[in-house]
Amino acid sequence: MSVLVVGSTALDSIKTPYRENPRLLGGSASHAAVAASFFAPVKLVGVVGEDFPGRYIRLYRRHGIDLEGLQITAGKTFHWAGEYEINMNNRRTLKTELGVFESFTPKLSRSHQRTPFVLLANIAPSLQHHVLDQMHRPKFVVADTMDLWLNIALKDLLKLLRRIDAFVLNDSEARQLTGENNIVAAVKKIHRLGPRFVIVKKGEHGAILSGPAGMFLSPAYPLHSVIDPTGAGDSFVGGLVGYLAGAKGPIESSLRRAMIYGSVVASFCCEGFGLNRTTRVTRKHIEQRARHLEKLARF
Ligand code: AMP
């Protein structure tokens with residue numbers, strides 16, 4: 001089954017203590033769509049400006065990503081710039097230039113409206129609503145977010161939580177949303193806001209899934225070196241939803257494995273700038289790492 005991915009399609013300028021890389025392919029939807037494409041057909045919904053390099057369009061195509069929902073309009077592509085400290089868990093946003101995103105209204109074709117799996121990657125909650133309004137009875141809807149929307153669009157976000165099956169956020173966002181310092185208590189509170197499944201990302205410390213069948217703890221794949229963690233969260237959720245869409249049987253029976261595959265794709269993302277490493281990986285590499293992770297965590 002296929003996955004509809006909506007989110008930001010961006011040019012990212014990323015600075016680490018060792019290197020600087022301007023205008024890489026980035027955006028929550030780009031990372032999530034490439035990650036999902038290893039497991040299932042993907043349809044991308046987003047907007048870019050006329051300055052968006054043709055090589056990035058070709059890169060989406062190489063991953064078999066359907067670009068019918070990618071609008072190319074007059075103006076500049078969304079540009080995000082960020083800087084990492086030596087401890088790469090600490091990141092500072094240097095610039096957010098909305099460009100063509102300022103007037104973006106996602107419009108879905110009839111075939112897009114019937115896509116069974118929907119991934120509302122990080123983007124303004126009003127746009128996530130706008131996509132959901134157009135969908136025709138999706139089978140499973142997953143939404144991601146970021147601290148910015150908790151700060152400036154909380155009302156829209158809370159409304160969204162009543163419309164989705166699974167909500168993905170990181171640990172600091174879970175604390176901010178609920179006012180709970182304890183993550184288990186925070187997860188319980190988030191369930192009460194609507195979603196049946198809550199997934200909390202904890203960066204290099206893995207992720208927690210909570211649902212009707214209880215909790216599952218997924219480790220992160222241990223890496224020797226992290227080059228650029230930008231998009232790791234988006235890759236995690238993209239891999240997770242892609243795996244679910246590609247799996248047979250009830251969704252509940254695949255969720256734990258989907259957490260592992262999400263973690264594995266996220267690990268590749270961290271090993272290169274932007275999408276440089278993820279786009280060179282094959283399904284075989286992913287399977288090898290998934291097997292290794294399984295060995296590391298079994299007891
Ligand atoms: P992550 O590292 O998972 O937090 O995701 C980083 C990605 O989010 C980058 O590729 C950015 O282009 C994108 N991004 C940054 N700020 C925003 C924003 N305000 N809305 C949507 N996407 C954003």
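Remember, it's 1-based here, ligands and their atoms both numbered in the order they're listed.
Phe236 does not count as a contact of ligand 1, since none of its heavy atoms falls under 4.0 Å from the ligand.
Here CG of Leu98 is found 14.0 Å from NZ of Lys76. Values are rounded to the nearest 0.5 Å.
With a heavy-atom cut-off of 4.0 Å, Thr93 does not touch ligand 1 at all. Residue Thr230 touches ligand 1 through backbone and side chain together, judged by heavy-atom distances below 4.0 Å.
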(request) Decide salt bridge (Lys or Arg N to Asp or Glu O under 4.0 Å) for Arg196 and Asp165; before the verdict, give the C-alpha distance in whole Å, the side-chain angles of both, and the deciding distance to 0.1 Å. (result) CA-CA 6 Å; Arg196 223 163 13 117; Asp165 299 289; 3.3 Å; yes
(message) As a quick check of understanding, evaluate side-chain hydrogen bond (donor to acceptor under 3.5 Å, both in side chains) for His285 and Arg280, giving each step before the final call.
(response) CA-CA 10 Å; His285 297 124; Arg280 288 188 175 92; over 6 Å; no
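Looking at Gly231 next to ligand 1, an N or O pair under 3.5 Å apart turns up. On a distance-only criterion, Gly27 and ligand 1 share at least one N/O pair closer than 3.5 Å. Inclusion of Thr96 in the set of residues having an N or O under 3.5 Å from an N or O of ligand 1 is not warranted. On a distance-only criterion, Trp149 and ligand 1 share no N/O pair closer than 3.5 Å.
The shortest distance between side-chain heavy atoms of Asp51 and Arg23 falls below 4.5 Å.
Counting atoms of ligand 1 from 1 in the listed order, those under 4.0 Å from a heavy atom of Gly26 are 10 (O). For ligand 1 and Asp234, the ligand atoms under 4.0 Å from any heavy atom of the residue are 1 (P), 3 (O), 5 (O), 6 (C), 7 (C). Ligand-side atoms of ligand 1 in range of Gly233: 3 (O), range being under 4.0 angstrom from any heavy atom. Heavy-atom contacts of Asn122 reach the following atoms of ligand 1: 21 (C), 22 (N), 23 (C) (cutoff under 4.0 Å). Using a 4.0 Å cut-off to heavy atoms of Arg91, the atoms of ligand 1 that qualify are 1 (P), 2 (O), 4 (O). The Ala10 neighbourhood of ligand 1 comprises atoms 12 (O), with distances under 4.0 Å to a heavy atom of that residue. Of all the atoms in ligand 1, the ones that sit under 4.0 Å from a non-hydrogen atom of Leu148 are 19 (N).
For Tyr221, the ring-ring contact (aromatic ring centres under 6.0 Å, His included) partners at least two apart in sequence or on another chain are His292. Partners of His63 by ring-ring contact (aromatic ring centres under 6.0 Å, His included), not counting sequence neighbours, listed by chain and number: Phe38.
The pair Asp133-Arg163 meets the salt-bridge criterion, since a charged nitrogen lies less than 4.0 angstrom from a carboxylate oxygen.
The backbone N or O of Ser8 sits less than 3.5 Å from a side-chain atom of Ser28, completing a donor-acceptor pair. Checking side-chain atoms of His79 against main-chain N and O of Lys95 turns up no donor-acceptor pair under 3.5 Å.
Scanning all protein heavy atoms for the shortest distance to atom 14 (N) of ligand 1 gives Phe78 CE2, 4.1 Å. In terms of protein heavy-atom proximity, atom 15 (C) of ligand 1 is nearest to Trp80 CD1, 3.4 Å. At the top of the distance list for atom 9 (C) of ligand 1, counting protein heavy atoms only, stands Asp12 OD2, 3.1 Å. Closest protein heavy atom to atom 13 (C) of ligand 1: Ser8 OG, 3.9 Å.
In this comparison of Lys95, Lys201, Met146, the heavy atom closest to atom 18 (C) of ligand 1 sits on Met146.
The heavy-atom pair separating Met135 from Leu108 by the smallest distance is SD-CD1, 3.5 Å. Considering all non-hydrogen atoms of both residues, Leu4 and Val131 come closest at CD2-CG1, 4.1 Å.
Among Asn90, Thr230, Thr16, the one residue that satisfies the side chain to side chain donor-acceptor pair (under 3.5 Å) test with Tyr84 is Thr230.
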